[in-house]
Asks: 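The structure follows.
Bear in mind the structure is a predicted one, so any value in this text is a computation, not a measurement.
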Amino acid sequence: MKASQLHLLEHFADHHPHLFCQRVRVNPDIFDDILDQISDHPIFNQSHNRQLPIAIQLANFPQSCCVGSVINCTNHVMVAILDQHDTFMQFPVLDSEDVKIAHAYTQEHSCPEWRNGILAANGSAFHLHAKPTLHGETFYDRKSNYSLNCQLVILPHNLLIADYGLGLPGSVHDAYAFQHTRTSREHAELLGDQHWIWADRAYPSEPWCVVPFKKPRGDS
């Protein structure tokens with residue numbers, strides 16, 4: 001998208017939000033929130049060369065038609081977004097309002113005895129466009145795609161991401177990838193001895209990580 005097409009983006013946001021989502025991969029409200037958060041970052045003012053408007057750089061970040069443009073936009077936007085990391089990525093403390101709501105949500109959707117299961121973990125795959133040149137086969141996952149393994153730990157009532165792990169190749173098992181998350185490394189400090197997370201059978205069964213009962217060997 002070029003600077004001259006900014007009015008088109010604004011038109012889509014006001015009258016055709018589905019086209020806006022197709023173009024920039026988020027809805028207009030989220031786009032505006034991200035734009036507000038990053039607009040004051042010095043990365044957009046430090047170059048001696050004239051830059052594209054920040055809204056265009058953000059719009060070109062997930063998709064662009066020009067190699068040079070996508071490299072510059074990606075660099076600028078990622079620097080600005082990553083500087084916001086610690087502001088938005090915070091593990092909820094046990095006496096926070098979010099945890100109180102998570103208690104109530106879990107109790108309502110299960111039973112009172114399970115109310116301290118305040119988080120849920122799962123793995124997903126971020127598909128890659130092509131096979132990486134270096135150690136490419138390690139990125140080949142069980143679903144026959146080249147991907148990165150992503151681990152997410154969320155609050156169940158609002159899907160807020162409390163922790164994540166990203167970067168290991170897609171062939172890595174979720175149980176191994178999960179070991180590299182802060183939740184796994186610091187579970188005693190983060191969860192205490194009365195809280196736990198929910199996970200599926202791919203994860204280890206621990207006092208702080210509750211998984212479904214596995215079928216016994218021999219079906220006995």
Asks: Supply the atom-to-atom distance Q84 CD to T87 OG1, rounded to the nearest 0.5 angstrom.
Replies: 5.0 Å

Asks: Quick one, F126 and C150 - any side-chain contact, counting heavy atoms below 4.5 Å?
Replies: yes

Asks: Using a 4.5 Å cut-off on heavy atoms from C-beta on, say whether the side chain of F139 contacts that of L134.
Replies: no

Asks: Check whether L94 and W196 end up in the same hydrophobic cluster, where Ile, Leu, Val, Met, Phe, Trp and Tyr are linked by side-chain heavy atoms less than 4.5 Å apart.
Replies: no

Asks: Test side chain to side chain contact (heavy atoms under 4.5 Å, CB included) on Q151 and Y164 and set out the steps.
Replies: CA-CA 5 Å; Q151 297 293 308; Y164 69 94; over 6 Å; no

Asks: Are K131 and E137 close enough, and set up right, to give a salt bridge (charged side-chain N to carboxylate O under 4.0 Å, His left out), and what steps lead you there?
Replies: CA-CA 8 Å; K131 176 182 177 180; E137 291 303 323; 2.7 Å; yes

Asks: Out of curiosity, does W208 fall in the hydrophobic cluster containing L155 (side-chain heavy atoms, cut-off under 4.5 Å, transitive links)?
Replies: yes

Asks: Are V211 and W198 close enough that some pair of their side-chain heavy atoms sits under 4.5 Å apart?
Replies: no

Asks: Test side chain to side chain donor-acceptor pair (under 3.5 Å) on H195 and H103 and set out the steps.
Replies: CA-CA 10 Å; H195 293 83; H103 281 151; 3.0 Å; yes

Asks: Is there a side-chain contact between L119 and L191 in this structure, where contact means two heavy atoms from C-beta onward sitting under 4.5 Å apart?
Replies: yes

Asks: Kindly indicate whether the side chain of I197, heavy atoms from C-beta on, has any atom under 4.5 Å from the side chain of F178.
Replies: yes

Asks: Could you check F88 against I161 for side chain to side chain contact (heavy atoms under 4.5 Å, CB included), going step by step and ending with a plain yes or no?
Replies: CA-CA 9 Å; F88 293 98; I161 298 174; over 6 Å; no

Asks: So, do Q37 and I34 sit near enough that their side-chain heavy atoms are less than 4.5 Å apart?
Replies: no

Asks: Do M89 and L166 belong together in a cluster built from hydrophobic side chains that touch within less than 4.5 Å?
Replies: yes

Asks: Flag the pair L168 / Y176 as yes when at least one side-chain heavy-atom distance between them is below 4.5 Å, and no otherwise.
Replies: yes

Asks: Counting C-beta onward and ignoring hydrogens, is there a side-chain heavy-atom pair between V210 and S205 closer than 4.5 Å?
Replies: no

Asks: For the atom pair CZ (F20) and NE2 (H15), what is the distance rounded to the nearest 0.5 Å?
Replies: 13.0 Å

Asks: If Ile, Leu, Val, Met, Phe, Trp and Tyr residues are connected whenever their side-chain heavy atoms lie under 4.5 Å apart, and connections chain through other members, are L152 and I81 in the same group?
Replies: no

Asks: Nearest 0.5 Å, what's the NE2-CZ distance between H76 and F44?
Replies: 7.5 Å

Asks: Could you state the interatomic distance from CZ (R182) to CD (E189), rounded to the nearest 0.5 Å?
Replies: 6.0 Å

Asks: Are more than 12 heavy atoms from other residues, nucleotides or ligands located less than 6.0 Å from atom CG of D40?
Replies: no

Asks: Are L160 and I154 close enough, and set up right, to give a side chain to side chain contact (heavy atoms under 4.5 Å, CB included), and what steps lead you there?
Replies: CA-CA 5 Å; L160 183 72; I154 65 168; over 6 Å; no

Asks: Is the distance between the ring centroids of Y140 and Y146 less than 6.0 Å?
Replies: yes

Asks: Taking atom NE2 of H135 as the centre, report whether more than 12 heavy atoms of other residues, nucleotides or ligands fall under 6.0 Å from it.
Replies: no

Asks: Do L148 and V172 sit in one hydrophobic cluster, given that two such residues count as connected whenever their side-chain heavy atoms are within less than 4.5 Å of each other, even indirectly?
Replies: no

Asks: Can you confirm whether the side chains of D141 and S171 place a donor and an acceptor under 3.5 Å from each other?
Replies: no

Asks: Could you go through the side chain to side chain contact (heavy atoms under 4.5 Å, CB included) check for Q22 and L19 one step at a time?
Replies: CA-CA 5 Å; Q22 287 179 7; L19 295 178; 3.8 Å; yes

